[in-house]
Amino acid sequence: MINAFGTYHPLVNFTFFFGAIGFGMFINHPFFIAVSYLCSICLYFLLTRNSSKKFIFISIILIVSISFFNAVMNPMGNTVLFVWILNRNFTLESLIYGAFIGLNCSSIMLWFSCYNAIMTNDKFMYLFSKFAPSITLVLSMTLRIVPKLENKTKTIINARNCIGKTIDNNSYKEKIKNGTEVLSILTSCALEDAVITADSMRSRGYVSKGRTNYIVYNRTIRDKILNIIFILLVLLIMPCALKGGMSIQYIPQIIFPKIDIFTIIALISYFIFLFIPIAIEISEDIIWHILKSKI
């Protein structure tokens with residue numbers, strides 16, 4: 001099955017992820033963070049299915065780690081849980097603050113993972129190559145470098161295992177040596193790929209004027225309607241964000257901002273904004289199973 005939300009126009013996809021990641025980087029209100037985290041988990045699970053369990057487990061470990069280390073490193077806070085090494089306070093406020101920092105970081109990681117699953121290089125190049133071709137190429141190469149290097153690392157390790165340079169049952173000194181050699185090979189491959197890609201794109205006239213895209217995405221009525229909905233929801237969220245309603249004070253004590261009509265509207269709009277792709281994926285799954293049952 002294909003990703004249903006990925007079949008929409010690249011501008012629609014980019015508008016959503018720009019809003020989801022953009023708001024996620026600046027909010028620290030627990031209600032908004034909780035909505036962002038739950039929606040990011042749901043969408044990531046729908047996009048990746050069975051492969052999502054490991055990543056979600058890692059995100060939970062990240063939340064616990066950041067929460068603990070923030071409480072350890074930051075002794076500020078009025079509610080002291082206990083005093084430990086060098087008479088440093090372990091406070092409840094620092095622990096909660098670290099928990100929500102970790103929750104927000106995990107949420108942004110999940111949104112970026114969803115972005116990589118939907119916004120392909122072709123879509124990104126289609127949107128921005130006409131305005132800033134060089135910057136777009138660099139950004140496109142940067143966004144895909146992590147999964148590409150991960151696959152390249154597995155290939156290098158398998159090739160070294162075939163010639164007897166395995167790391168199993170070796171001493172720590174030999175493992176460090178083998179790891180250094182793999183890193184050196186990986187760095188050389190990354191630099192070589194970057195040069196080859198740049199030369200290839202230049203020889204194909206990438207930066208020349210009048211260049212056309214080999215893939216054309218046509219905007220349909222559903223794309224225009226959904227993009228307008230996204231923009232309207234963002235406009236409903238902005239008043240609350242500008243007046244500071246999407247952030248709270250954690251240190252030295254937790255102080256919630258006054259909950260008014262702008263905060264309620266923003267929270268509902270934020271949830272609807274993040275839930276739309278999830279609803280699209282779920283509806284596509286339902287239609288798929290209905291059609292499959294009729295075969």
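Computed over heavy atoms, backbone and side chain alike; hydrogens, waters and symmetry mates excluded. Start at 1 with the first residue, then count along the sequence.
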Self-check item: Euclidean distance, Ile21 CD1 relative to Phe14 CZ, rounded to 0.5 Å
Solution: 8.5 Å
Quiz item: Counting N and O atoms only, with roles assigned by atom type, does the side chain of Ser67 sit under 3.5 Å from a partner on the main chain of Leu95, one being a donor and the other an acceptor?
Solution: yes
Quiz item: Is there a donor-acceptor contact under 3.5 Å from the side chain of Ser293 to the main chain of His289?
Solution: yes
Practice problem: Please report the closest heavy-atom contact between Gly245 and Thr263, naming both atoms and the distance. | Solution: O-CG2, 4.3 Å
Quiz item: Can you tell me how far CD1 of Ile237 sits from SG of Cys240, rounded to the nearest 0.5 angstrom?
Solution: 9.0 Å
Quiz prompt | Within residues 20-43 or reaching into it, pairs that qualify as salt bridge (charged side-chain N to carboxylate O under 4.0 Å, His left out) - sequence neighbours excluded | solution = none
Quiz item: Who pairs with Phe32 by ring pair (Phe, Tyr, Trp, His ring centres under 6.0 Å), at least two apart in sequence or on another chain?
Solution: His29, Tyr270
Self-check item: Atom pair CD1/CG of Ile231 and Leu226 - distance to nearest 0.5 Å
Solution: 10.0 Å
Self-check item: Single-linkage hydrophobic cluster Phe18~Leu235, side-chain heavy atoms < 4.5 angstrom
Solution: no
Quiz item: Would a hydrophobic clustering, with Ile, Leu, Val, Met, Phe, Trp and Tyr connected at side-chain separations under 4.5 Å, put Met25 with Phe23?
Solution: yes
Quiz item: Can you name the residues that form a side-chain hydrogen bond (donor to acceptor under 3.5 Å, both in side chains) with Thr79, not counting sequence neighbours?
Solution: Glu93
Quiz item: To the nearest 0.5 Å, what is the distance between CD1 (Ile185) and CD1 (Ile157)?
Solution: 10.0 Å
Practice problem: Using side-chain hydrogen bond (donor to acceptor under 3.5 Å, both in side chains) as the criterion, list what pairs up with Arg219, not counting sequence neighbours. | Solution: none
Practice problem: Say whether Leu38 and Tyr44 are linked into one hydrophobic cluster, either directly or through other cluster members, by side-chain heavy-atom distances under 4.5 angstrom. | Solution: no
Quiz item: Roughly how far, to the nearest 0.5 Å, is the CD atom of Gln249 from the CG atom of Asn28?
Solution: 10.0 Å
Would you list the atom pairs, donor with acceptor, under 3.5 Å between side chains in residues 100-111 and any protein atom, with sequence neighbours excluded?
unit_1	atom_1	unit_2	atom_2	d
Asn104	ND2	Gly24	O	2.9
Asn104	ND2	Ile27	O	3.2
Ser106	OG	Ser59	O	3.1
Ser106	OG	Gly102	O	2.9
Ser107	OG	Ser36	O	3.4
Ser107	OG	Ser36	OG	2.6
Ser107	OG	Trp111	NE1	3.4
Trp111	NE1	Ser36	OG	3.0

Quiz prompt | Phe69 atom CZ, over 12 foreign heavy atoms within 6.0 Å | solution = no
Self-check item: Those residues that, when tested against Ser113, pass side-chain hydrogen bond (donor to acceptor under 3.5 Å, both in side chains) (two or more places apart)
Solution: none
Practice problem: Could you tell me whether Tyr250 atom OH has more than 12 heavy atoms of other residues or ligands within 6.0 Å of it? | Solution: yes
Quiz item: Does Asn13 use its side chain to pair, donor to acceptor, with the backbone of Phe5 at less than 3.5 Å?
Solution: yes
Exercise. Answer yes or no: is there a side-chain heavy-atom contact under 4.5 Å between Ile286 and Ile290?
Key: yes
Quiz item: Is the closest side-chain heavy-atom distance between Leu233 and Ile276 below 4.5 Å?
Solution: yes
Quiz item: Under the ring pair (Phe, Tyr, Trp, His ring centres under 6.0 Å) test, which residues partner Phe273, sequence neighbours left out?
Solution: Phe16, Phe230
Exercise. For the residue pair Leu232 and Leu236, establish whether any side-chain heavy-atom pair is separated by less than 4.5 Å.
Key: no
Practice problem: Evaluate whether atom CZ of Phe90 has more than 12 neighbouring non-hydrogen atoms of other residues, nucleotides or ligands under 6.0 angstrom away. | Solution: yes
Quiz prompt | Contacts of type side-chain hydrogen bond (donor to acceptor under 3.5 Å, both in side chains), residue Thr91, not counting sequence neighbours | solution = Ser94
Quiz item: Phe275, Ile228: one ILVMFWY side-chain cluster at the under-4.5 Å cut-off?
Solution: no
Quiz item: Is there a path from Ile259 to Ile255 through hydrophobic residues (I, L, V, M, F, W, Y) whose side chains come within less than 4.5 Å of each other?
Solution: no
Self-check item: Closest non-hydrogen atom pair between Ile118 and Gly6, with its separation
Solution: CG2-CA, 3.7 Å
Practice problem: Check the pair Thr153 / Leu183 against side-chain contact (heavy atoms from CB on, under 4.5 Å), numbers first and verdict last. | Solution: CA-CA 8 Å; Thr153 303; Leu183 180 61; over 6 Å; no
Self-check item: Donor-acceptor under 3.5 Å (Asn227 side chain, Asp223 main chain)
Solution: no
Quiz item: Which pairs with one or both residues in residues 17-43 pass salt bridge (charged side-chain N to carboxylate O under 4.0 Å, His left out), sequence neighbours excluded?
Solution: none
Quiz item: Does anything in residues 253-272 pair up under salt bridge (charged side-chain N to carboxylate O under 4.0 Å, His left out), and if so which pairs, sequence neighbours excluded?
Solution: Lys243-Asp260
Quiz item: Would the number of heavy atoms belonging to other residues, nucleotides or ligands and lying under 6.0 Å from CZ of Phe262 be above 12?
Solution: no
Quiz prompt | Step-by-step side-chain contact (heavy atoms from CB on, under 4.5 Å) determination, Leu267 to Phe271 | solution = CA-CA 6 Å; Leu267 186 60; Phe271 172 76; 6.0 Å; no
Self-check item: Donor-acceptor contact below 3.5 Å, side chain Asn74 vs main chain Met76
Solution: yes
Quiz item: Ignoring hydrogens and geometry, is there a side-chain-to-backbone donor-acceptor pair from Glu281 to Ala4 under 3.5 Å?
Solution: yes
Exercise. Drop me the distance from Ile248's CD1 to Met246's CE, to the nearest 0.5 angstrom.
Key: 12.5 Å
Practice problem: Flag the pair Ile61 / Ser65 as yes when at least one side-chain heavy-atom distance between them is below 4.5 Å, and no otherwise. | Solution: yes
Quiz item: Which residues, ordered by chain and number, are linked to Val83 in its hydrophobic cluster, where ILVMFWY side chains connect at heavy-atom gaps below 4.5 Å, directly or through other members?
Solution: Val80
Practice problem: May I have all residue pairs that pass salt bridge (charged side-chain N to carboxylate O under 4.0 Å, His left out) and include part of residues 102-119, sequence neighbours excluded? | Solution: none
